[in-house]
Amino acid sequence: MTQVHHHELSGVIEFTPPKHGDHRGFFSEVFKQSVLDAEGVEARWVQDNQSFSAQPGTVRGLHLQAPPFAQAKLIRVLRGAIFDVAVDIRRGSPTYGKWVGVELSAEKWNQLLIPVGYAHGFMTLVPDCEILYKVSARYAPDEEMAIRWDDPDLAIAWPDVGVEPVLSGKDAVAPSFAEFNTPFFYQG
């Protein structure tokens, strides 16, 4: 049976599916819609994305897409380990600007659901990380938004992996949380 852990932020859920092994290897149902349905997850998955980061300390995020292309994400690590972060960006939410971080790894076999209305980012903890994630809307570059990953107002406790963070040019110049105009509103 899949283990389910609800984090402090509404809708952020960690799933750890069972892994059945024997002398040949293992088998696991890594995605099962009925498990998400039982938790009230309404996302309809339309695309799988895969990323690879060679260096530890690689940061991707904090990213999101504006409506009507807002994305829920279901993140899973195929190889390596990451510190995965969700930030509540729903104006009026009691947890607006709060974040949760979870170590996801191929070894732990866990996954993190990031609902619509959250910014998402991660940092690689080891070399050669491969991440697979489902999204609930297609990539829409004109609706892409970002928030600075190390914004002091968010005060995300990123791990110290002993190297300078590796960023894309776009992430290095992302606006601060104070400058960010969220398109999401808390529905209570």
Point to revise | Cation-pi, Phe31 ring and Lys134 (6.0 angstrom, 45 degrees) | key: yes
**Study point:** Shortest non-hydrogen separation from Ala86 to Val12 and the atoms involved
**Key:** CB-CG2, 4.1 Å
Exercise for review: Please answer: with hydrophobic residues joined when any side-chain heavy atoms are less than 4.5 Å apart, are Leu104 and Leu74 in the same cluster?
Suggested key: no
Check your understanding: So Leu64 and Phe184, side-chain contact (heavy atoms from CB on, under 4.5 Å) or not? Walk me through it.
Key -> CA-CA 11 Å; Leu64 63 135; Phe184 298 97; 3.6 Å; yes
Exercise for review: Before accepting this row, confirm whether a basic side-chain N of the pair Glu8/Lys98 lies closer than 4.0 Å to the acidic partner's carboxylate O.
Suggested key: no
Point to revise | Atom CD of Glu42: over 12 foreign heavy atoms under 6.0 Å | key: no
Point to revise | SG-CD distance between Cys129 and Gln55, expressed to the nearest 0.5 angstrom | key: 11.5 Å
Revision key, fill the gap. When rounded to the nearest 0.5 Å, the distance separating CH2 of Trp99 from CD1 of Ile156 is 6.5 Å
Point to revise | Derivation and outcome, side-chain contact (heavy atoms from CB on, under 4.5 Å), residues Met123 and Trp149 | key: CA-CA 10 Å; Met123 174 186 280; Trp149 72 281; 4.1 Å; yes
Exercise for review: Using a 4.5 Å cut-off on heavy atoms from C-beta on, say whether the side chain of His7 contacts that of Val102.
Suggested key: yes
Check your understanding: Going hydrophobic residue to hydrophobic residue with side-chain gaps under 4.5 angstrom, can you get from Leu112 over to Val135?
Key -> yes
Check your understanding: Taking it one step at a time, do Glu14 and His6 satisfy side-chain hydrogen bond (donor to acceptor under 3.5 Å, both in side chains)?
Key -> CA-CA 6 Å; Glu14 186 175 351; His6 291 262; over 6 Å; no
Revision key, fill the gap. Residues Phe52 and Arg79: closest non-hydrogen pair is CE1-NH2, 3.4 Å
**Study point:** Heavy-atom closest contact (Leu113 atom, Gly11 atom, distance)
**Key:** CD2-O, 3.6 Å
**Study point:** Check: Trp109 and Arg76 side chains under 4.5 Å, non-hydrogen atoms
**Key:** yes
Point to revise | Leu125 and Pro56, any side-chain heavy atoms less than 4.5 Å apart | key: no
Check your understanding: Val173 and Ile147: same hydrophobic cluster, using ILVMFWY side-chain contacts below 4.5 Å?
Key -> no
Exercise for review: Taking the side chain as every heavy atom from C-beta outward, state whether Pro17 and Gln111 have any atom pair closer than 4.5 Å.
Suggested key: yes
Review point. Side chain of Arg138, backbone of Phe69: donor and acceptor closer than 3.5 Å?
Key: no
Exercise for review: Mark yes when over 12 heavy atoms from residues, nucleotides or ligands other than Asn181 sit less than 6.0 Å from its CG; otherwise mark no.
Suggested key: no
Check your understanding: Quick one: are the ring centres of Tyr96 and Phe177 less than 6.0 Å apart?
Key -> yes
**Study point:** Pairwise side-chain contact, Ile75 with Ile114, heavy-atom cut-off 4.5 Å (strictly under)
**Key:** yes
Review point. Counting only N and O atoms by type, is there a donor-acceptor contact under 3.5 Å from the side chain of Glu179 to the main-chain atoms of Ser176?
Key: yes
Check your understanding: Going by heavy atoms in the side chains, are His63 and Asp171 under 4.5 Å from each other?
Key -> yes
Practice item. Please examine the side chains of Leu78 and Ile131, heavy atoms only from C-beta on, and report whether any two atoms are closer than 4.5 Å. Key: no
Check your understanding: Hey, do the aromatic rings of Trp158 and Phe122 have their centres closer than 6.0 Å?
Key -> no
Point to revise | Ile89 backbone acceptor or donor facing Thr182 side chain under 3.5 Å | key: yes
Revision key, fill the gap. Shortest non-hydrogen pair, Glu103 vs Ala81, comes out as OE2-CB, 4.2 Å
Review point. Which pair of heavy atoms, one from Ala70 and one from Val116, lies closest together, and at what distance?
Key: CB-CG1, 3.7 Å
Review point. Side chain of Ser93, backbone of Thr95: donor and acceptor closer than 3.5 Å?
Key: yes
Check your understanding: In terms of hydrophobic clusters joined by side-chain contacts under 4.5 Å, are Leu9 and Phe15 together?
Key -> no
Practice item. State whether the side chain of Glu130 and the backbone N or O of Gln50 hold a donor-acceptor pair below 3.5 Å, judged by distance alone. Key: no
Exercise for review: Kindly determine whether Arg90 and Tyr118 satisfy side-chain contact (heavy atoms from CB on, under 4.5 Å), including the steps that lead there.
Suggested key: CA-CA 7 Å; Arg90 301 167 299 155; Tyr118 288 77; 3.2 Å; yes
Check your understanding: Are the side chain of Gln65 and the backbone N or O of Gln71 linked by a donor-acceptor pair below 3.5 Å?
Key -> no
Check your understanding: Between OG of Ser136 and CZ of Arg44, what distance do you get to the nearest 0.5 Å?
Key -> 9.5 Å
Review point. About how many Å separate NZ of Lys170 and CZ of Arg60, when rounded to the nearest 0.5 Å?
Key: 10.5 Å
Practice item. Treating Ile, Leu, Val, Met, Phe, Trp and Tyr as nodes and any side-chain heavy-atom pair under 4.5 angstrom as an edge, say whether Val4 and Leu36 lie in one connected cluster. Key: yes
Check your understanding: Counting only N and O atoms by type, is there a donor-acceptor contact under 3.5 Å from the side chain of Thr58 to the main-chain atoms of Thr124?
Key -> no
Point to revise | Smallest separation among heavy atoms of Gly101 and Phe83, with atom names | key: CA-CZ, 3.6 Å
Exercise for review: First locate atom CD of Glu39, then atom OG of Ser34, and finally report the distance between them rounded to the nearest 0.5 Å.
Suggested key: 10.5 Å
Exercise for review: Check whether any side-chain heavy atom of Leu132 lies under 4.5 Å from a side-chain heavy atom of Asp48, and answer yes or no.
Suggested key: yes
Exercise for review: Show your reasoning for whether side-chain contact (heavy atoms from CB on, under 4.5 Å) applies to Phe180 and Met145.
Suggested key: CA-CA 9 Å; Phe180 176 71; Met145 303 175 86; 3.6 Å; yes
